[in-house]
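Everything on this sheet refers to the single structure shown next.
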Amino acid sequence: MMEPRAVSPHTPSIDRLIGELNALSQISAAEPPVVTRIVFSEADLRARAYVKGLCREAGLSVHQDAIGNTFARWGGTEPSLAPIGTGSHIDAIPNAGLYDGCVGVLGGLEAIRVLQELGFKPRRSIELVIFTAEEPTRFGIGCLGSRMMAGVLSPEQALALRDKEGRGPEELRSLAGFEGSLESVALSRGRFHQFIELHIEQGPILEKEGIDVGVVTHIAAPASMRIIIEGEGGHAGGRLMPGRKDALAAAAELILALEAAAKSTGAIDTVGTVGVCEVFPGAVNSIPSRVRLETDIRDIDEARRDAVIDRLQTTCKEVAERRGVSIATEMVNADPPAACDPAILNAMEHAAKSAGKSCKRMVSRAYHDSLFMARITPVAMLFIPCRGGVSHRPDEYASPGWIGSGVHVLARTLATLAS
Ligand SMILES: [Zn+2]
C-alpha cells in the first residue's frame with residue numbers, strides 16, 4: 001500500500017480545503033460569516049450544487065437518492081466490492097458556523113483527492129456521502145436522510161413530517177428536483193463495507209488536552225420526551241394558595257426530578273436536560289394553566305438512559321396526583337446508542353500514530369448521521385478539536401492545522417480500509 005504523504009497546514013491541499021470551506025460558508029441564507037442553510041432551501045440547493053461540482057472535478061461519479069442523500073464515488077480496482085463510505089452533512093441550523101458537518105464532507109473529499117494525487121489505487125471504491133437534513137430545524141427530527149437510509153424512518157413516517165409552514169418532504173423534495181420512490185432510500189446491510197465520519201468535537205476536550213484527533217468509541221443514545229402539564233389558570237391575586245393547580249409549579253418539580261434522576265446513575269455519561277419550557281398564558285399576573293416541556297436525555301448505555309426516563313415518568317404520575325394537574329408524556333424519539341467498530345478504531349489509531357498525530361479514545365455525546373449508519377454498516381467517527389468546544393454558533397472555529405491533522409488521519413485510514 002502506498003503511504004499517503006503528510007498533510008500539513010502549509011501544503012497546498014489544506015489551502016485548497018480551507019478555501020472551499022470558506023466558499024461554502026458564503027452560501028448562506030444569513031449574512032456571512034453567519035451560516036444558515038435549512039434543508040431544501042435555496043441556500044441548501046446552491047451549497048449542494050457547489051459540492052457536487054467539486055466532486056465531479058475530482059473525477060467522482062455523483063448520484064443522489066429520492067430524499068437528496070448524495071453519493072460521490074471514487075471507483076476502486078474491484079468495483080463489485082462494497083465501498084468504504086465517508087462523509088457528513090452540509091445543512092446548518094440558523095445562526096451557525098462553517099465547520100459542523102462541512103469538515104466531514106469537504107475534508108472527506110480532500111482525503112480522496114490527496115490519495116488520488118499520490119497515485120494510490122483503492123481496491124474497494126471510496127464513496128463520499130452528503131446526508132440530507134442532519135439538523136432537525138425544518139422537520140423537527142434530526143438525521144432525516146440517514147434515518148431513512150437505515151430504514152429507521154419509514155417513507156410513510158417521513159411523508160407525515162411537516163415544517164412550520166405546513167409543507168412536507170414530498171412537496172419540498174420535488175421542488176428541489178429529487179425524485180423517485182422513497183422506498184428506494186433504505187439501503188441494505190452490506191451496501192457499505194465500513195463508514196467513517198470526520199467531525200468537529202463540539203466539546204472542549206481535545207483542545208484543552210492538546211490532542212490532534214479523537215477516536216470515537218460510542219455515540220450516545222439520544223431520547224427526547226415532551227411533557228404537557230394542564231393545570232388551572234386564574235388571577236394571581238384573586239386565587240389564594242390553597243387548592244391552586246399551577247402547571248408551572250408542577251413543571252418545576254419535574255425539571256428538578258430529571259436533574260436528580262440523571263445524576264443518580266452515578267455515570268458521567270448520563271445527561272438530562274429540559275431545554276424548552278413554554279408557559280401559557282405567560283402573563284405576570286396569571287397562574288400558569290398549561291406548560292410544555294421538551295426534555296433531552298442521553299447516555300451511551302441504553303438501559304441506564306431508559307431507567308432515567310422511567311423514573312421521570314413515575315414522578316410525572318406522582319406530581320399529577322398530588323397537585324391535581326394532568327400530565328401527558330410523549331416520546332418524540334428514543335434511539336439506541338452506537339458502538340463504533342473495533343477494526344476501524346484500530347485502523348484510525350494506527351493511522352494517527354504513523355502520521356505522528358496524538359489521539360485519544362472518547363465518546364460522542366452529540367448524535368450524528370453515523371448513529372444511524374451504524375444500523376447498516378460498521379462505523380467509526382474521527383473528531384478534531386474546535387475552539388472552546390463552541391459549535392452551532394457563528395464563532396465556531398477549527399484551525400487549518402487541526403483540520404489538516406484530521407484529513408491526514410482520515411486519508412490514511414481510508415487507504416488502509418480500501419486496500
Ligand atoms: Zn454535525
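Note that the structure is a prediction, hence the values are computed from the model and not measured. Atoms within each ligand, like the ligands themselves, are counted from 1 in listed order.
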Problem - S41 side chain to R37 backbone, donor-acceptor under 3.5 Å - result: no
Handout entry: T86 side-chain N/O to E197 backbone N/O, donor-acceptor pair under 3.5 Å
Key = no
Problem - Verdict with reasoning, I327 to L254, per side-chain contact (heavy atoms from CB on, under 4.5 Å) - result: CA-CA 10 Å; I327 302 181; L254 300 182; 4.1 Å; yes
Donor-acceptor pairs under 3.5 angstrom involving side-chain atoms of residues 140-148: please list them, not counting sequence neighbours.
residue	atom	partner	partner atom	Å
S146	OG	D369	OD1	2.7
R147	NE	G142	O	2.7
R147	NH1	D335	OD1	3.2
R147	NH1	D335	OD2	3.4
R147	NH2	D335	OD2	3.1

Practice task
Spell out the protein N/O/S atoms under 2.8 Å from the Zn ion (ligand 1) as residue plus atom name.
Solution key: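 N, O, S partners closer than 2.8 Å: H89 NE2, D100 OD1, H199 NE2.
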Exercise for the section: Could I get the full list of ring-ring contact (aromatic ring centres under 6.0 Å, His included) partners for F71, not counting sequence neighbours? Expected result: H63
Could you give the side-chain donor-acceptor pairs of residues 98-107 under 3.5 Å, partners two or more places apart or in another chain?
residue	atom	partner	partner atom	Å
D100	OD1	H89	NE2	3.1
D100	OD1	H199	NE2	2.9
D100	OD2	Q202	NE2	3.4
D100	OD2	H392	NE2	2.9

